[in-house]
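Throughout, a chain's letter reflects where its sequence line sits, starting with A, and its residues are numbered from 1.
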Amino acid sequence: MELPKTYNPKETEERIYKLWEDSGYFNPDNLPEKHKTPFAIILPPPNVTAALHMGSALMLVIQDIMIRFERMRGKKTLWLPGTDHASIATEEKFLKDTKVSKRDYAGKRQEFIDLVTEFALKNQKTILKQMRAMGSSLDWSRLKFTLNPDSINAVHEAFIRMHDMGLIYMGSGKVVNWDPKGQTVVSDDEIEYEPGKTILYIFRYAKDFPIAISTTRPETKVGDTAVAVHPDDERYKKYVNKTFDVNFAGVNLSIKIVGDPFVDPSFGTGALGVTPAHSIIDSEIASRHNLPTRQVINEYARMSKEAGQLLADKKTTEAREILVDHLRKQGLIEKEEIIDQNIPRAQRSGGIIEPLPKRHQFFINVNKPIKERGNKTIRELLKEVVEDGKIKILPERFERIYLNWVDNLRDWSISRQMWYGIRPPVWYKPPVPVDSNIEYKVSKIKPAGEGWEQFNDTLDTWFSSGLWTFSTLGWPKQTSDLTTYHPTNVLETAYDIIFFWVARMILMSKVLIGDIPFKTVYLHGLVRDEKGRKISKSLGNNIDPLDMAEQYGTDAVRMAMIIGTSVGNDSKVSPEKFKAYKHFANKLWNIARFTLMSLPDEIDEKADLTEKDKNLLKQLAELSEDITRDMEEFRFYLAGEKIYHYIWHTFADRIIEESKNKLNDNDSEIKKSAQKTILRILTTSLKLLHPFMPFVTEEIYSKLPIKDKKLLMIEDWPA
RNA sequence: GGGCGGUUAGCUCAGUUGGUUAGAGCGUCUCGUUUACACCGAGAAGGCCGAGGGUUCGAAUCCUUCACCGCCCACCA
């Protein structure tokens, strides 16, 4: 058979992918009988915010390698695809791309949602196409989207069950992380801290006030209700539990002195003005001492009426200047010093976080013993599965990072004031009172009676993502998919979402079905450009994986992404690397050309092998074992490198070169042995390489003179 | 403040958990168009494995101190 001199990925890939898809083998139900032991990976659903980037390409490659490897090893492999509506991220992206403001849609919620949906679906279509182009052997018959009716039903079911368990509660004016720019609550994990400098003011509320306090946010001090000192601080002991009435910047404050061990006596004056409404720490001190709360900042980061005439309606930054000026004139400031302080910003919108009390927000209690789960709390459940080794995190160092996160975990705020997303199954009767709690009902359908309306807030997108390993398999129904594939085998994702997603999946799975969601977590690093910079649109250094695939072939892209990328470490990509593996695909192609040219149409299977040839096969068998071990232990980068090296520098450079004489040998024994050997080596090499470079290997395999051939994708892995 | 990772050839990175002369790709140099492949082949140069100290028969690998780069967490008001 004559092959062209050069491998042509473009001509091959689409055709081969269709061949695979038509075979039905992406769906585990269609795999041959012997594929019994289940092996499942649920694809981390890409956000429908934009087209695929390098990071998602890497994720697809690693997972496809695992899946193809296990499929060839005879496992009943399921790789389930999906996409994520990504509520907050998609809204932000839509607003940015279309350059509109959400205010333009005030009162037009549905219209806005429709536009975002349209935007999301367009991206989704592109993403699905790109996933195919990467060669991903995903079971498309099970494709899911987080806003499908089934997914929404699972979210509602989860909400209701967790509410029944007493895990979900409505906070009554708990202090939340408010993002004034994005106009929504965000969770602790959605905050990023930016290093900065600020002025620490040491001052007294009034001349006759006995204690000077220190603060970086004087404008919030009109909301103070206490001063906290360390209980053992000799300077202040005599004042503890006394209350002082002062007029501060025109506002009458009643300040109680409380002793709290949280206070560091060596910082500032060792006295902390407690602002229960505008600091999470202060609100915790306040709740320990039953202090009242005074909200003086509103949701637009402006001072409220309660802040007094001097400050009312001013932006917080203006209010600070006004107040400091006022204090200076009054001679109340004792000291000003510049200190380091980090500025908390909302990860998505960039808005500066303004802690404030907000009613009617739902939280997940992480410290409540769960009757149904052996009276363990969420934090205990999260901890024990990793400590007991039921879930293994790779690389191992992330286990400590994870456990550290659990140790610092506060209740998870799940309400968001976004529009594009899943609303909780919660009903209320408007109007909503600002200053008190409301009565609400939790139910999938509208409660009987007049006037019930569904809550306008939506749920944190990670709430629905947390259910992903089992909601995609049919939960809450006890489907056969659920019993067969859950817990899934591997969760493969980038390390930067270990808290957002990995931890939340463990949480949801342990709480709702009492089992772990996966056995192994494989975390890959971030993909950076050749200068080590994060790839982003604003830097203009985005390398589109599909462009690369177009230029160098998908197999080359896959190989380039995997080699040199060890678990958990960031990797760099550059066009040169893709080019190198394009050459490799071509090399393999020519090895196949040579082999096919040298072989007769029919190979004499019964021919005896010479000792030398037997040795070559033995060496390859050893390599196969070695590579198999690497694959089992998730060292794909090593396995890929080894097979690459073998094919090029052992098979091509040595074995084929040396065989040239043998294949022309007059002695038919030597000749037949060489023919048989070379074909076997090529076949085994193709199998070993197939998970990494599926297209070119499948294409070559289809041309080999082997009897009873199947598709390479389901051939037996070299044992 | 607490923790983690990195530092190996000009560049990008491996080095499978202590074992012969430290590897790959790209790049550089020399030679070669022999019908698998010039997207190739043959060969070469290039590394006190960040610095110091220690353990060991033996260290890039283990311990320790330090330096630089990067990251995560906490949020001292």
Side-chain angles (χ1 to χ4, degrees), chain A residues 3-7 188-189 191-193 198 200-202 213-218 220-221 224 227-228 260 262-275 278-282 285 339-344 353 395-398 400-405 407-408 495-496 498-499 525-526 528-532 534 552-553 556 559-560 563-566 568-598 626-627 629-630 633-635 637-642 644-645 648-649 652-653 656-657 659-660:
Chain A
L3 295 181
K5 251 183 162 178
T6 314
Y7 170 60
D188 295 347
D189 298 287
I191 300 174
E192 277 171 354
Y193 292 89
T198 192
L200 180 72
Y201 298 94
I202 294 177
I213 58 162
S214 43
T215 183
T216 55
R217 297 202 60 190
T220 65
K221 298 288 108 180
D224 282 12
V227 165
D260 196 293
F262 170 82
V263 180
D264 174 2
S266 67
F267 185 88
T269 59
L272 158 66
V274 182
T275 320
H278 300 292
S279 154
I280 289 180
I281 294 288
D282 290 10
I285 295 174
I339 61 164
D340 294 315
Q341 194 190 33
N342 296 333
I343 302 156
I353 296 295
E396 220 167 299
R397 68 183 131 95
F398 280 99
R400 288 194 297 279
I401 294 174
Y402 168 91
L403 291 171
N404 179 257
W405 178 83
D407 283 339
N408 292 313
Y495 66 70
D496 61 347
I498 180 169
F499 308 138
L526 308 180
R528 296 167 184 280
D529 72 1
E530 62 261 60
K531 289 180 187 140
K534 223 170 166 171
Y552 304 111
M559 201 69 171
I563 288 186
T565 308
S566 52
N569 289 336
D570 294 351
S571 56
K572 292 176 189 168
V573 289
S574 65
E576 283 69 35
K577 201 168 173 190
F578 296 113
K579 201 170 140 195
Y581 293 100
K582 180 195 169 190
H583 293 176
F584 176 58
N586 196 55
K587 183 75 182 177
L588 181 67
W589 184 255
N590 277 290
I591 290 171
R593 274 185 76 209
F594 173 82
T595 306
L596 289 170
M597 281 166 139
S598 320
D626 199 19
I627 287 175
R629 215 171 309 121
D630 286 335
E633 287 162 27
F634 302 97
R635 292 187 296 263
Y637 52 101
L638 266 186
E641 202 174 309
K642 281 176 187 168
Y644 170 95
H645 199 258
W648 201 313
H649 299 297
D653 290 356
I656 286 189
E657 288 307 321
S659 76
K660 283 179 177 169

For A/Y193, report the nucleic acid contact type (base, sugar-phosphate, nothing); a contact means any heavy atom under 4.0 Å.
base

Which whole number of Å gives the distance between the C1' atom of B/A44 and that of B/C68?
34 Å

Rounded to the nearest angstrom, tell me the gap between atom CD1 in A/I202 and atom P in B/A77.
12 Å

Whichever of A/D626 and A/S266 has its nearest RNA chain B nucleotide further upstream toward 5':
A/D626

Calculate, to the nearest 0.5 Å, the distance between atoms CD and CG belonging to A/E633 and A/L638 respectively.
10.5 Å

Just the rounded figure in Å: distance from C1' of B/G25 to CD of A/E641.
8 Å

How close or far is atom C1' of B/U17 from atom CZ of A/R629, stated in whole angstroms?
14 Å

Say we look at B/G25 and B/C62: how far apart would their P atoms be, to the nearest angstrom?
27 Å

Assign A/D630 to base, sugar-phosphate, or nothing according to its heavy-atom contacts below 4.0 angstrom with the strands shown.
base

Is it the case that the base of B/A24 and the side chain of A/K577 share a donor-acceptor contact (distance under 3.5 Å, atom types as modelled)?
no

Any donor-acceptor pair under 3.5 Å from A/N586 side chain to A/K582 backbone
no

Regarding the side chain of A/I401, the nearest nucleotide among B/A36, B/C75, B/C72 is B/C72

Selected nucleotide, minimal atom distance to A/F594 side chain, candidates B/A74, B/A77, B/A36
B/A36

Could you check whether any side-chain heavy atom of A/T198 comes within less than 4.5 Å of a side-chain heavy atom of A/I339, counting everything from C-beta outward?
yes

Can you measure from OG1 (A/T216) to CD (A/Q341) and round to the nearest 0.5 angstrom?
4.0 Å

Whether over 12 other heavy atoms sit under 6.0 Å from A/K579 NZ
no

I'd like to compare against my own output: the B/S/- annotation of nucleotides 39-44 of chain B with a strict under-4.0 Å heavy-atom distance to protein.
BSSS--

So A/I213, base contact, sugar-phosphate only, or nothing? Heavy-atom distance under 4.0 Å.
nothing

Distance in angstrom units between A/I285 CD1 and B/A77 P, rounded
12 Å

Taking side-chain contact (heavy atoms from CB on, under 4.5 Å) as the test, write out the residues that go with A/I498, two or more places apart.
A/F398, A/Y402, A/V502, A/L523

Looking for any heavy atom pair under 4.0 Å, which part of the strands does A/T216 touch: base, sugar-phosphate only, or nothing?
sugar-phosphate

Kindly write out the residues that satisfy side-chain contact (heavy atoms from CB on, under 4.5 Å) with A/E657, not counting sequence neighbours, or none if the list is empty.
A/K660

What's A/N569 touching, base or sugar-phosphate or nothing? Going by heavy atoms closer than 4.0 Å.
sugar-phosphate

Can you tell if the side chain of A/I591 reaches within under 4.5 Å of the side chain of A/W648, non-hydrogen atoms only?
no

Just how far, in rounded Å, is C1' of B/C37 from CG of A/L596?
14 Å

Minimum-distance nucleotide to A/F499 side chain [options: B/C75, B/C72, B/U16]:
B/C72

Among B/A77, B/C72, B/A14, which is the nearest nucleotide to the side chain of A/Y637?
B/A14

Please give, in whole Å, the distance from B/G25 C1' to A/K642 NZ?
17 Å

Atom pair CG (A/D282) and CG (A/D224), whose distance is rounded to the nearest 0.5 Å:
7.5 Å

NA contact type, A/I339, heavy-atom cut-off 4.0 Å: base, sugar-phosphate, or nothing?
sugar-phosphate

Report yes if the side chains of A/L3 and A/W589 come closer than 4.5 Å at any heavy-atom pair, otherwise no.
yes

Touch check for A/F398, heavy atoms < 4.0 angstrom, all strands: base, sugar-phosphate only, or nothing?
nothing

If the P atom of B/G10 is compared with that of B/C49, how far apart are they to the nearest Å?
13 Å

Between B/G19 and B/C26, how far is it from one P atom to the other, in whole Å?
28 Å

If you measure from NE2 on A/H278 to NZ on A/K221, what distance do you get to the nearest 0.5 Å?
10.5 Å

Mind checking the C1' distance from B/C37 to B/G32? Whole angstroms is fine.
15 Å

Here the distance between atom P of B/C13 and atom CZ of A/F578, to the nearest Å, is 14 Å

Phosphate OP1/OP2 of B/C72: any A/Y402 side-chain N/O under 4.0 Å
no

A/Y581 OH to B/A24 P, in whole Å, measures 12 Å

For A/A580, what residues pass the side-chain contact (heavy atoms from CB on, under 4.5 Å) criterion, not counting sequence neighbours?
none

Nearest-angstrom distance, P atom, B/A77 to B/G5
29 Å

pair A/T215-A/I202: side-chain heavy atoms closer than 4.5 Å
no

Run the ring-centre check on A/Y552 versus A/Y581 and record whether the distance is less than 6.0 Å.
no

Under-3.5 Å donor-acceptor pair between A/N408 side chain and B/C73 base
no

A/S566 side chain near B/A14 phosphate (N/O to OP1/OP2, under 4.0 Å):
yes

Using OP1 and OP2 only, check whether a side-chain N or O of A/K660 sits under 4.0 Å from B/A36.
yes

Pairs counted only when both distances fall under 3.5 Å, Watson-Crick or G-U: show me the 5' to 3' dot-bracket for RNA chain B, [ ] for pseudoknotted crossings and | for other-strand partners.
(((((((..((((.....[...)))).(((((.......))))).....(((((..]....))))))))))))....

Mind checking the NE2-CD spacing from A/H645 to A/E641? Nearest 0.5 Å is all I need.
8.5 Å

I'd like the P distance from B/G15 over to B/G50, given in whole Å.
14 Å

Atom pairs, N/O to N/O, protein against nucleotides 59-61 of chain B, distance under 3.5 Å?
none

If the C1' atom of B/U20 is compared with that of B/A60, how far apart are they to the nearest Å?
16 Å

With a 4.0 Å cut-off on heavy atoms, is A/V274 in touch with a base, just the backbone sugar-phosphate, or nothing at all?
nothing

